[in-house]
Peer 1: 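Structure incoming, see below.
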2 protein chains.
Amino acid sequence: MTEEEFLAAYDPSAFPPVAVTVDVVVLTIRDEQLNVLLVRRGEAPYEGRWALPGGFVRPDEDLAAGAQRELAEETGVGARLRRVHLEQLASYGAPRRDPRMRVVSVAYLAFVPDLPEPAAGTDARESAWVPVAGLGLPDAAGAPGRPVRQRPGATRGLAFDHAQILADGLERARSKLEYTPLATRFVGEEFTIAELRRVYETVWDDSLHAGNFHRKVLSVPGFMESTGVTTDRGGSRGGPRSRLYRAGDARLLHPALLRPSREDSIR
Amino acid sequence: MTEEEFLAAYDPSAFPPVAVTVDVVVLTIRDEQLNVLLVRRGEAPYEGRWALPGGFVRPDEDLAAGAQRELAEETGVGARLRRVHLEQLASYGAPRRDPRMRVVSVAYLAFVPDLPEPAAGTDARESAWVPVAGLGLPDAAGAPGRPVRQRPGATRGLAFDHAQILADGLERARSKLEYTPLATRFVGEEFTIAELRRVYETVWDDSLHAGNFHRKVLSVPGFMESTGVTTDRGGSRGGPRSRLYRAGDARLLHPALLRPSREDSIR
DNA sequence: AAAATAGTGTCTCTCAGACAATATGTC
DNA sequence: GACATATTGTCTGAGAGACACTATTTT
């Protein structure tokens, strides 16, 4: 039996009708704040509400390719620019999460550097970077590991279950900074240790000891790679010029940088 | 516009036809070996080949509920028995992973204790516990973090991309033992520290120092909870009787038990 | 000059891992 | 008795975090 015969013989009504979409949690740091890319919905349901960028998976398109496409459409950044990180987050398929029909959404998580343009969407949709702090999500201090279920109705702002997806993405992001060098994806090609520290402080919503952080990141093999150069000027409010680094070739940090927040017992 | 009007107005042909399935990687330890639950396929494609248990998500069924149902159907274990762990693993949606049509599979990962019955499926399908070691998957020693893509054709045994799903599930399992107390889900309600150590040794495919492991697990707050009791007899080949413990209430291990394998640089 | 910041030094405490030792079982 | 194993003790080195200090640069 050839594939064609299979396709012809297969009864499409034999499986429940489901649509599959890809939604992307795109994070960046703007103005010392963690921001997420949102688009305003132009039609019902949730008309006028903010939502994660996303859409139907196209035929012959891999899930990751769909996420890459959505990311590129909204940010103008080809995700192939290797400075962008894109990973699968999780899938969401509660029966009535979309009132129109059964929709299973495969969510992705992206880290992008601060983009000069304020997200010029190619289509007509209004899109914007929105500070996550203003969205009424559970605190960053929420004990990691404890699943933070979003009460329905909480975080009134976002469409569908996107508040939950965003919350899951944020927790994943916080966790990823611990044991991967992906914090470097939030800054430019060359960066100072202080810039990197501010990434950690912003995502973790916690302050870190500058001296210890400095020694720590330099001691992790493969994390930082020295350029011979320093910045042209010192800090805007004083201080010496700092050395510039590039991301090293490590894929995992060992030993990891653990969040200080963890208030000891994590039950 | 009401929800009803939407449902009526919505054109089902406007979205690409996709089926959504749930596949479950069910792991257990039998006879000192890590085993996965497999079912033999009765129809094409991949007729006669082993596959992960799974099936279409039913209407009105949440993804997790579908995974729970598949798990219960194949093992007879109601996943509500809180000793079973079930978590979402990842989704797989390469365009031609199923030759019949576009199928997106949401994979789940389950840890179950050694089940007395050898997996009596409720339906006609043949099912069995299969040691993962015999499946020709990449080594446990494979550097974590480095994505191990399965070459097509490798691991000839499993249907579809299930070899890849299984490999991802195994890596997730190894990682989970590091920072969660989920190793306890592989043993009985009450267990000795040596039993727990054998779980780690089996999943990590590495040997651990008995004395250090002993002190370590007892020092992690919330990991172990003492019953006042000891085993009736010593080990089968000698040795004193050992104390019995129950799982504590910790959700995360802090500090974590790190795999010894990590050959230093993880690039 | 005053203030801010980069980078380094030092000390303490925790913890992982290498042994070693002892007690208690089984064969 | 020979041997295996549970449990505890001890020591060493790595590493995290607190604190202090110096040099450099901006306002």
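Side-chain atoms are counted along with the backbone in the values below, which use heavy atoms only and exclude waters and symmetry mates. Because the structure is a prediction, the values reported are computed rather than measured.
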Peer 1: Atom CZ of A:F213 to atom P of C:dG9: distance rounded to whole Å?
Peer 2: 19 Å
Peer 1: So, using salt bridge (charged side-chain N to carboxylate O under 4.0 Å, His left out) as the criterion, who are the partners of A:R185 when residues are at least two apart?
Peer 2: none
Peer 1: Sequence neighbours left out, what passes side-chain contact (heavy atoms from CB on, under 4.5 Å) with A:A210? Give chain and number order.
Peer 2: A:R197
Peer 1: Nearest whole angstrom, please: distance from the P of C:dA16 to the NE2 of A:H254.
Peer 2: 12 Å
Peer 1: From the list D:dA6, D:dT8, D:dA16, which nucleotide is the closest neighbour of the side chain of B:R243?
Peer 2: D:dT8
Peer 1: The criterion is side chain to side chain donor-acceptor pair (under 3.5 Å); which residues satisfy it with B:R172, sequence neighbours excluded?
Peer 2: B:E87
Peer 1: Expressed as a whole number of angstroms, how long is the span from B:L218:CG to C:dA16:C1'?
Peer 2: 16 Å
Peer 1: Any residue in residues 191-199 of chain B with a heavy atom nearer than 4.0 angstrom to DNA chain C? Just list them by number, or reply none.
Peer 2: none
Peer 1: Who are the side-chain contact (heavy atoms from CB on, under 4.5 Å) partners of B:A247, not counting sequence neighbours?
Peer 2: B:T184
Peer 1: To the closest 0.5 Å, what do you measure between NZ (B:K216) and CE (B:M224)?
Peer 2: 13.0 Å
Peer 1: Taking side-chain contact (heavy atoms from CB on, under 4.5 Å) as the criterion, tell me which of A:L27, A:D114, A:V26 meets it with A:W129.
Peer 2: A:V26
Peer 1: Work out how much the helix from C:dA1-D:dT27 to C:dC27-D:dG1 bends between its end axes, five pairs an end, to the nearest 10 degrees.
Peer 2: 10°
Peer 1: Taking only residues at least two apart or on different chains, which pairs with a member in residues 176-200 of chain A satisfy ring pair (Phe, Tyr, Trp, His ring centres under 6.0 Å)?
Peer 2: A:F111-A:F186, A:Y200-A:W204, A:Y200-A:F213
Peer 1: Summarise how protein sits on nucleotides 19-27 of chain D as a single string, 5' to 3': B when a protein heavy atom is under 4.0 Å from the base, S for sugar-phosphate-only contact, - for no contact.
Peer 2: B----BBSS
Peer 1: For B:L244 and D:dA6, give me the distance from atom CG to atom P, rounded to whole Å.
Peer 2: 12 Å
Peer 1: With B:R237, which residues qualify under salt bridge (charged side-chain N to carboxylate O under 4.0 Å, His left out), at least two apart?
Peer 2: none
Peer 1: Looking at residues at least two apart in the chain, or sitting in another chain, which of them share a salt bridge (charged side-chain N to carboxylate O under 4.0 Å, His left out) with A:E189?
Peer 2: none
Peer 1: Restricting to salt bridge (charged side-chain N to carboxylate O under 4.0 Å, His left out), what partner residues turn up for B:R243, sequence neighbours left out?
Peer 2: none
Peer 1: Can you tell which of D:dG15, C:dA16, D:dA6 lies closest to the side chain of A:P255?
Peer 2: D:dG15
Peer 1: Measure from OH on B:Y179 to P on C:dC15 and round the result to the nearest Å.
Peer 2: 20 Å
Peer 1: Who passes side-chain contact (heavy atoms from CB on, under 4.5 Å) against A:P131, sequence neighbours left out?
Peer 2: A:Q33, A:N35
Peer 1: Please determine, for the side chain of A:H214, which listed nucleotide (D:dA6, C:dT8, C:dA16) has the closest atom?
Peer 2: C:dT8
